[in-house]
Structure formats: structure tokens, C-alpha cells
S.K.: 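Below you'll find the structure I mean.
Only heavy atoms go into these numbers, but all of them, side chains included; no hydrogens, no water, no symmetry mates. Computed from a predicted structure; not experimentally measured.
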Amino acid sequence: MTIYAAGLPAFLSYFSIGLVCFAIFSAIYTRLTPHEEVELIKAGNISAVVAFLGALIGFSLPLASAAANSVSLPDYVIWAAIGLLVQVLAFYIAKLTMTDLHLKITEGNVAAGLWSGGIAVVIGTLNAACMAY
């Protein structure tokens, strides 16, 4: 039975660090956007939900790839930070390619939320693939 639990410490380490990375990413992302994601989501704004979940998925893909391919915990943290920076870039790409994106998200324009979330997922997918070394 102990042989099955041999990987548990590594799992717990990587998983815990991943959760901390999600918290850091969420804090940074919600400060970058001019609208209040949490308040909009609580109010039932589907556009804000789609945009924020797209960003979370876009970050989770490279985070998962980093966990699977890293050689150590410091390596994992470095690649997680790179994934975070690339998602910030995705945010600015979405913002630059749609006029008044965040105003539209605040107003509940689902197309704007899909655009923002979609850009984040696309960039995150590419980022994750590039981390598979």
C-alpha cells in the first residue's frame, strides 16, 4: 500500500502551489480589468463569467503543462509565472482587438465576454503546448 502513496507528497506540493498560483493569477487579473468581475458575476452577468472563466482556463492549461513537464518545484513556479505573464498578454490582446471591451462586458454583451475568454483560452492552449519540452 505504501508504494501507491509514494507520490502523494509530490502531488500535494504541486497541487498546493497550483492553487496558490490560481489565487495570485485571480488577484492580478481582477486588478487589471477595469470592471469588478466578482460583483458582475454575483449580479448574474454572463459576459463577465465567460470572460473570467476563459482567463482561468487559459491560465490552467499552461499551469497543468508546467506541472507535468517541470523537473522540480522551483521549475514549476518559474513556468507558472511565465504562464501568468502570457495570460496578461492575452488580456491586452483581447482589449486591443475589441473597442470598449470591458464596457461591453459590464453591460452584459455576451459576444464581448466570449471574445475575451476565447482569446485567453487560445493563447493559453498555445502557451501550454510550447511548455511541453
Side-chain angles (χ1 to χ4, degrees):
M1 187 65 141
T2 17
I3 196 160
Y4 293 113
L8 188 59
F11 164 78
L12 291 173
S13 297
Y14 278 82
F15 190 75
S16 298
I17 290 171
L19 291 177
V20 169
C21 289
F22 267 114
I24 292 168
F25 172 76
S26 296
I28 291 171
Y29 184 84
T30 56
R31 281 178 181 72
L32 283 176
T33 58
H35 55 272
E36 297 292 325
E37 278 87 357
V38 175
E39 296 305 317
L40 290 172
I41 291 168
K42 285 181 183 177
N45 184 316
I46 293 172
S47 181
V49 170
V50 170
F52 190 56
L53 280 178
L56 289 175
I57 293 167
F59 179 63
S60 74
L61 294 168
L63 190 63
S65 183
N69 293 295
S70 65
V71 295
S72 65
L73 289 175
D75 186 47
Y76 176 48
V77 171
I78 290 167
W79 285 105
I82 291 168
L84 188 149
L85 293 174
V86 171
Q87 273 307 303
V88 168
L89 175 66
F91 162 77
Y92 285 109
I93 290 170
K95 186 177 174 181
L96 289 172
T97 57
M98 182 178 278
T99 306
D100 297 326
L101 175 66
H102 299 292
L103 179 61
K104 291 175 182 173
I105 289 173
T106 301
E107 294 170 348
N109 182 321
V110 177
L114 284 168
W115 181 253
S116 180
I119 293 288
V121 170
V122 167
I123 297 293
T125 302
L126 177 61
N127 188 17
C130 292
M131 287 184 181
Y133 45 88

S.K.: How far apart are the closest heavy atoms of G124 and P62, and which atoms are they?
M.R.: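 Scanning both residues completely, I find the closest heavy atoms to be O-CD, 3.5 Å.
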
S.K.: Please test L84 against I28 for side chain to side chain contact (heavy atoms under 4.5 Å, CB included), starting from the C-alpha separation and ending with a verdict.
M.R.: CA-CA 9 Å; L84 188 149; I28 291 171; 3.9 Å; yes

S.K.: Are L89 and L126 connected in the hydrophobic side-chain network, where two residues link if heavy atoms are under 4.5 Å apart?
M.R.: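 No, because L89 and L126 fall into different hydrophobic clusters, even though each may have its own neighbours under 4.5 Å.
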
S.K.: Do L61 and N127 come close enough that some side-chain heavy atom pair is under 4.5 Å?
M.R.: no

S.K.: Does L103 belong to the same Ile/Leu/Val/Met/Phe/Trp/Tyr cluster as M98, with side-chain heavy atoms less than 4.5 Å apart forming each link?
M.R.: no

S.K.: Before giving the answer on side chain to side chain contact (heavy atoms under 4.5 Å, CB included), spell out for C21 and I17 the whole-Å C-alpha distance, their side-chain angles and the decisive distance to 0.1 Å.
M.R.: CA-CA 6 Å; C21 289; I17 290 171; 4.0 Å; yes

S.K.: Check for me, please, whether F11 and L19 land in the same ILVMFWY cluster - side-chain distances under 4.5 Å, paths through other members count.
M.R.: yes

S.K.: Classify the ring geometry between Y76 and Y14 as parallel (under 30°), tilted (30 to 60°) or perpendicular (over 60°).
M.R.: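 The rings of Y76 and Y14 sit tilted, inter-plane angle from 30° to 60°.
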
S.K.: Is any side-chain heavy atom of Q87 closer than 4.5 Å to one of Y29?
M.R.: no

S.K.: With a 3.5 Å distance limit and no angle check, can you tell me whether S116 reaches the backbone of A112 through a side-chain donor-acceptor pair?
M.R.: no

S.K.: Minimum heavy-atom separation for I105 and N45, please, with both atom names.
M.R.: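 Nearest pair, atom of I105 first, then N45: O-ND2, 2.9 Å.
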
S.K.: Under the side chain to side chain donor-acceptor pair (under 3.5 Å) criterion, do S65 and W79 qualify, and how do the steps go?
M.R.: CA-CA 9 Å; S65 183; W79 285 105; over 6 Å; no

S.K.: Looking at L114, I'd like to know if its CG atom is crowded, meaning that more than 12 non-hydrogen atoms belonging to other residues, nucleotides or ligands lie closer than 6.0 Å.
M.R.: yes

S.K.: Give the minimum heavy-atom separation between I119 and I93, together with the two atoms involved.
M.R.: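 Closest approach of I119 to I93, heavy atoms only: CG2-CG2, 4.1 Å.
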
S.K.: According to a hydrophobic-cluster definition based on side-chain heavy atoms being under 4.5 Å apart (Ile, Leu, Val, Met, Phe, Trp, Tyr only), do V86 and Y92 belong together?
M.R.: no

S.K.: Just by distance, do the side chain of K104 and the backbone of T99 share a donor-acceptor pair under 3.5 Å?
M.R.: yes

S.K.: Determine the minimum heavy-atom distance between F59 and A80, stating which atoms define it.
M.R.: CE1-O, 3.6 Å

S.K.: So which heavy atom on H102 is nearest to which on F91, and how close?
M.R.: NE2-CE1, 3.1 Å

S.K.: With a cut-off of 3.5 Å and sequence neighbours excluded, list every side-chain donor-acceptor pair involving residues 47-57.
M.R.:
unit_1 : atom_1 : unit_2 : atom_2 : d
S47    : OG     : N109   : O      : 2.7
S47    : OG     : G113   : N      : 3.2

S.K.: Quick one: pull up CZ in F25 and CG in L85 and give me the separation to the nearest 0.5 Å.
M.R.: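 It is 10.5 Å, given to the nearest 0.5 Å.
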
S.K.: Strictly distance-based, threshold 3.5 Å: is any side-chain N or O of T30 a donor or acceptor partner for the main-chain N or O of A27?
M.R.: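 Yes; judged by distance alone, with no hydrogens or angles, the pair exists.
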
S.K.: If hydrophobic clusters are built from ILVMFWY residues whose side chains come within less than 4.5 Å, do L73 and V71 share one?
M.R.: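 Each belongs to a different hydrophobic cluster.
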
